[in-house]
Amino acid sequence: MVSFLLKNKMIFFRFCLTKAELAALKHGDWEEHSFRIRRTETRHRSEDGTYIYEVKEFPKTAAGVRTVVLPEAWFWIEEKIRSTNPHEEYIFVNAKGERMTTNCFRRRLERICNRLGIVKKSPHKIRKTYGSILLDNHVDNRLIMGQMGHTDIRCTETHYHRNRRSVQQKIQIMSAIPELSGVGIG
């Protein structure tokens with residue numbers, strides 16, 4: 001199930017979660033066509049130098065607990081996720097029934113990109129693309145901030161927005177501006 005979701009980039013792309021939020025999702029976080037971001041995974045080194053992954057019972061950002069909504073075309077994914085390991089506390093667990101960590105998601109995404117022969121993207125780069133899609137489609141700033149977990153739209157605009165338009169799309173946009181149409185020149 002997780003490989004299927006990662007291969008299609010749906011979890012990161014459609015839900016705009018950080019991998020730390022994804023790793024901490026529980027079945028009880030799902031509500032009708034939405035889910036609550038209530039916790040996050042953190043990582044620190046133990047005395048022997050190994051990493052320890054822990055789930056903190058609060059979100060990472062100052063935005064606090066938030067509800068992330070699904071677009072209608074993705075309602076079907078809700079049932080898939082509900083049926084994934086329904087008896088485990090966390091939604092995403094490995095074959096041993098242990099909660100998957102942020103590192104697991106990053107590594108799996110990298111392996112799947114390699115297998116598909118596509119450019120490797122980190123979960124964060126995919127999240128940036130999600131933010132760009134919302135901004136490019138003129139989604140209300142408050143909705144964007146809620147989906148992304150940002151307290152200020154400037155964070156999304158400054159750190160997450162990139163111009164994804166082709167040269168042809170840029171020409172069409174510029175050509176549609178009346179003051180730049182060329183009428184009356186020459």
Side-chain angles (χ1 to χ4, degrees), residues 2 5-44 51-78 80-82 90-92 99-110 112-113 119-166 169-170 173:
V2 173
L5 293 171
L6 288 175
K7 184 162 83 173
N8 290 291
K9 300 178 188 172
M10 279 183 250
I11 284 297
F12 297 112
F13 222 14
R14 298 298 177 191
F15 298 164
C16 67
L17 301 181
T18 67
K19 62 186 185 234
E21 294 167 339
L22 182 65
L25 268 183
K26 295 182 179 182
H27 288 283
D29 296 330
W30 283 94
E31 299 170 3
E32 186 177 352
H33 310 311
S34 65
F35 52 93
R36 303 277 290 164
I37 301 302
R38 297 181 169 117
R39 65 193 72 74
T40 191
E41 179 187 85
T42 60
R43 179 182 82 165
H44 60 89
Y51 283 114
I52 296 175
Y53 294 88
E54 296 177 326
V55 173
K56 302 289 186 185
E57 292 298 323
F58 50 85
K60 175 182 170 184
T61 70
V65 174
R66 71 185 197 276
T67 300
V68 175
V69 298
L70 301 176
E72 268 185 56
W74 297 97
F75 285 176
W76 65 271
I77 200 82
E78 186 174 4
K80 287 273 192 195
I81 287 183
R82 286 185 191 277
Y90 292 94
I91 292 174
F92 298 106
R99 182 184 62 81
M100 292 177 62
T101 65
T102 54
N103 194 38
C104 293
F105 288 107
R106 187 187 51 72
R107 285 191 334 256
R108 282 189 183 202
L109 182 59
E110 187 175 296
I112 290 167
C113 289
V119 175
K120 285 187 270 188
K121 295 280 185 180
S122 70
H124 194 68
K125 290 284 186 190
I126 294 171
R127 183 171 150 78
K128 284 183 172 196
T129 300
Y130 179 86
S132 291
I133 289 169
L134 295 180
L135 288 165
D136 289 348
N137 284 281
H138 311 289
V139 172
D140 177 75
N141 287 350
R142 292 274 182 208
L143 179 55
I144 294 172
M145 289 164 41
Q147 291 290 101
M148 300 292 293
H150 295 157
T151 56
D152 190 330
I153 194 63
R154 289 178 293 186
C155 178
T156 313
E157 291 169 341
T158 303
H159 302 290
Y160 288 79
H161 195 207
R162 72 184 217 7
N163 192 331
R164 302 173 51 248
R165 294 180 178 95
S166 69
Q169 289 171 317
K170 291 174 188 176
I173 290 167

Please determine whether a side-chain nitrogen of the Lys or Arg among [X] and [Y] lies less than 4.0 Å from a carboxylate oxygen of the Asp or Glu.
X      : Y      : value
Arg108 : Glu110 : no
Arg142 : Asp140 : no
Glu41  : Lys19  : no
Arg38  : Glu31  : yes

Nearest heavy-atom neighbours spanning [X] and [Y]:
X      : Y      : value
Leu70  : Phe75  : O-CE2, 3.4 Å
Val65  : Pro59  : N-CG, 3.4 Å
Ser166 : Gln169 : N-OE1, 2.7 Å
Leu109 : Ser122 : CD2-C, 4.0 Å
Cys113 : Val119 : SG-O, 4.0 Å
Thr101 : Ala23  : C-CB, 4.1 Å

Has the side chain of [X] got a donor or acceptor atom that lies under 3.5 Å from a matching backbone atom of [Y]?
X      : Y      : answer
Thr156 : Gly131 : no
Asp152 : Arg154 : yes
Asn137 : Ile133 : yes
Arg127 : Met148 : yes
Gln147 : Ile144 : no

*asked:* In the structure I gave you, are the side-chain heavy atoms of Arg43 and Ile52 within less than 4.5 Å of one another anywhere?
replied: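 Side-chain contact under 4.5 Å: no.
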*May I ask you to check whether over 12 heavy atoms, not counting those of Glu32, lie within 6.0 Å of atom CD?*
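Result for CD/Glu32: open.
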*asked:* Is it true that, when you exclude Lys26 itself, more than 12 heavy atoms of the residues, nucleotides or ligands shown sit nearer than 6.0 Å to its NZ?
replied: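 Yes - once you tally the heavy atoms of other residues, nucleotides and ligands closer than 6.0 Å, there are more than 12.
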_Could you go through Tyr51 and His44, starting from their C-alpha distance and side-chain angles, then the distance that decides it, and tell me whether this counts as side-chain contact (heavy atoms from CB on, under 4.5 Å)?_
CA-CA 6 Å; Tyr51 283 114; His44 60 89; over 6 Å; no
Return the [atom1] to [atom2] distance between [X] and [Y], rounded to the nearest 0.5 Å.
X      : Y      : atom1 : atom2 : answer
Met100 : Phe105 : CE    : CZ    : 4.5 Å
Ile37  : Lys60  : CD1   : NZ    : 12.5 Å
Leu25  : Leu17  : CG    : CG    : 6.0 Å
His150 : Thr158 : NE2   : OG1   : 10.5 Å
His124 : Arg106 : NE2   : CZ    : 14.5 Å
Ile91  : Leu22  : CD1   : CG    : 8.5 Å

_For Lys125, all residues meeting salt bridge (charged side-chain N to carboxylate O under 4.0 Å, His left out), sequence neighbours excluded_ =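 For Lys125 there are no salt bridge (charged side-chain N to carboxylate O under 4.0 Å, His left out) partners, ignoring immediate neighbours.
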*Begin with the C-alpha distance, continue with both residues' side-chain angles, and end with the deciding distance and a verdict on salt bridge (charged side-chain N to carboxylate O under 4.0 Å, His left out) for Glu21 and Arg36.*
CA-CA 10 Å; Glu21 294 167 339; Arg36 303 277 290 164; over 6 Å; no
*Step by step, would you call Asp29 with Arg39 a side-chain contact (heavy atoms from CB on, under 4.5 Å)?*
CA-CA 10 Å; Asp29 296 330; Arg39 65 193 72 74; 2.6 Å; yes
*Evaluate the criterion side-chain contact (heavy atoms from CB on, under 4.5 Å) for residue pair Arg99 and Tyr53; output intermediate values, then yes/no.*
CA-CA 10 Å; Arg99 182 184 62 81; Tyr53 294 88; 3.9 Å; yes
*Phe35 and Val69: CA distance, side-chain angles, deciding distance, side-chain contact (heavy atoms from CB on, under 4.5 Å) verdict*: CA-CA 7 Å; Phe35 52 93; Val69 298; over 6 Å; no
*Start with the C-alpha gap between Glu54 and Lys56, add the side-chain angles, then the distance that decides, and say whether salt bridge (charged side-chain N to carboxylate O under 4.0 Å, His left out) holds.*
CA-CA 6 Å; Glu54 296 177 326; Lys56 302 289 186 185; 3.7 Å; yes
*How about Glu72 and His33: does a side-chain donor come under 3.5 Å of a side-chain acceptor?*
no
